[in-house]
Trainee: 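Structure below; questions to follow.
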Amino acid sequence: MLTDQETGTKVEVFPPGCSRVSGKNRCFRHLRVFSQPPQNQRGLFFLSLAPKNLEQGAAISNETRINERIRVKEVRLVGPSGEQVGVVRIEDALRLATEAGLDLVEVAPTAKPPVCKLMDYGKFKYEAAQKARNARRNQVNSQLKEIRFRLKIDDHDYETKKGHVIRFLEGGDKVKVMIMFRGREQSRPELGVKLLERLAEEVTEMATVESMPRQDGRNMTMVLAPTKRKHHTKSDQRRRRDQQRGETMNRQQLKDARKARRAKEAQEAEAAAKAKK
């Protein structure tokens with residue numbers, strides 16, 4: 001530790017390449033570089049500052065604190081059924097949790113005093129994971145599908161492509177219908193509008209026209225939007241799948257019942273034959 005004779009400021013001398021300058025455990029702020037360093041001392045001069053402390057009470061983890069990890073003097077306790085117990089000491093809250101065979105869970109750490117509830121923490125985490133999984137499953141983003149038509153498309157190809165459009169709309173996705181013009185077909189855009197209007201009219205029960213037909217160079221486009229949202233469509237599909245599984249189980253149960261009835265009839269017939277003998 002040296003003292004600047006001009007200002008009287010105490011500074012530390014660190015030789016070039018010193019690990020303390022770049023260390024992670026301490027914070028050094030550059031103060032001044034002397035043009036004429038003191039005799040027999042070489043290097044840079046830095047003001048040594050203590051590391052900044054964390055703000056008192058700042059959270060260092062997002063994990064929910066339970067039982068002995070709750071380090072406060074008093075908590076506002078809530079019972080297992082939601083009844084308000086009041087402000088109690090942490091020792092009394094832990095004792096009540098032990099007697100009830102439950103966990104003391106901190107549900108509102110920022111409140112003063114913190115709010116804690118008596119609950120089964122394992123069950124609580126399982127239910128929270130189930131809710132998050134259901135939320136992710138229902139959060140489905142719709143996509144923009146594209147179907148291309150030719151102006152002189154025949155009826156079979158038209159029905160095939162219309163089936164693709166219906167399948168996309170039933171899946172909850174938007175459909176961009178494009179008609180490609182070739183050669184002299186560009187001089188007859190009204191035919192393309194007529195074809196797109198025909199398609200929109202045939203799928204009007206499951207879709208609405210989001211973007212009217214418009215010419216874009218050699219192409220003409222129209223966007224169809226489904227009337228049902230995608231997560232509603234997914235829910236309907238899951239419901240139908242569950243119904244099909246239920247019907248399959250019912251059929252299997254009927255087969256098992258028939259098999260059991262036949263086995264019982266066979267046993268009765270065998271018993272009757274033995275009785276006659």
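This chain uses plain numbering: 1 for the first residue, then up along the sequence. Every heavy atom of this structure was used, including side-chain atoms; hydrogens, water molecules and symmetry mates were not.
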Trainee: Side-chain polar contacts of residues 82-98 - donor-acceptor pairs under 3.5 angstrom, sequence neighbours left out - could you list them?
Mentor:
from  : atom 1 : to    : atom 2 : distance (Å)
Glu83 : OE1    : Ser81 : N      : 3.2
Arg95 : NH1    : Glu99 : OE2    : 3.3
Thr98 : OG1    : Leu94 : O      : 2.9

Trainee: How long is the gap from NZ on Lys145 to NZ on Lys174, to the nearest 0.5 Å?
Mentor: 14.0 Å
Trainee: Do any pairs count as a side chain to side chain donor-acceptor pair (under 3.5 Å) and have a residue in residues 118-129, sequence neighbours left out, and if so which ones?
Mentor: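 Found none.
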Trainee: Can you confirm whether more than 12 heavy atoms, excluding those of Tyr158, are under 6.0 Å from its OH atom?
Mentor: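 Yes, because the 6.0 Å sphere around OH of Tyr158 holds more than 12 heavy atoms from other groups.
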Trainee: Are Met206 and Pro226 close enough that some pair of their side-chain heavy atoms sits under 4.5 Å apart?
Mentor: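 They are not in contact (no side-chain heavy atoms under 4.5 Å apart), so the answer is no.
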Trainee: Are Met119 and Val78 co-members of a hydrophobic cluster defined by side-chain heavy atoms under 4.5 Å apart?
Mentor: yes
Trainee: Tell me if a side-chain donor or acceptor on Asp154 pairs with a main-chain N or O of Asp157 at a distance below 3.5 Å.
Mentor: yes
Trainee: Check for me, please, whether Phe124 and Ile70 land in the same ILVMFWY cluster - side-chain distances under 4.5 Å, paths through other members count.
Mentor: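 Phe124 does not cluster with Ile70.
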Trainee: Does Leu104 offer a backbone N or O that forms a donor-acceptor pair with the side chain of Asn67 under 3.5 Å?
Mentor: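 Yes, Asn67 side chain to Leu104 backbone: donor-acceptor pair under 3.5 Å.
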Trainee: Of the non-hydrogen atoms in Glu74 and Pro113, which two are nearest, and what is the gap between them?
Mentor: O-CB, 3.6 Å
Trainee: Do Lys161 side-chain atoms and Arg148 backbone N/O form a donor-acceptor pair below 3.5 Å?
Mentor: yes
Trainee: Between Glu170 and Arg167 (side chain of the first, backbone of the second, donor and acceptor by atom type, cut-off under 3.5 Å), is there such a pair?
Mentor: no
Trainee: Among Arg65, Lys117, Arg69, which one satisfies side chain to side chain donor-acceptor pair (under 3.5 Å) with Glu106?
Mentor: Arg65
Trainee: Tell me which pairs pass side chain to side chain donor-acceptor pair (under 3.5 Å) where either residue lies in residues 261-272, with sequence neighbours left out.
Mentor: none
Trainee: Quick check on side-chain contact (heavy atoms from CB on, under 4.5 Å): which of Val177, Leu196, Thr221 does Pro213 satisfy it with?
Mentor: Leu196
Trainee: Salt-bridged, Glu197 to Lys194, with N to O below 4.0 Å?
Mentor: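 Here Glu197 does not pair with Lys194 in a salt bridge, since their nearest N and O are not under 4.0 Å apart.
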Trainee: Around Gln130, counting heavy atoms of other residues, nucleotides and ligands shown, do more than 12 lie under 6.0 Å from its CD?
Mentor: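 Yes - once you tally the heavy atoms of other residues, nucleotides and ligands closer than 6.0 Å, there are more than 12.
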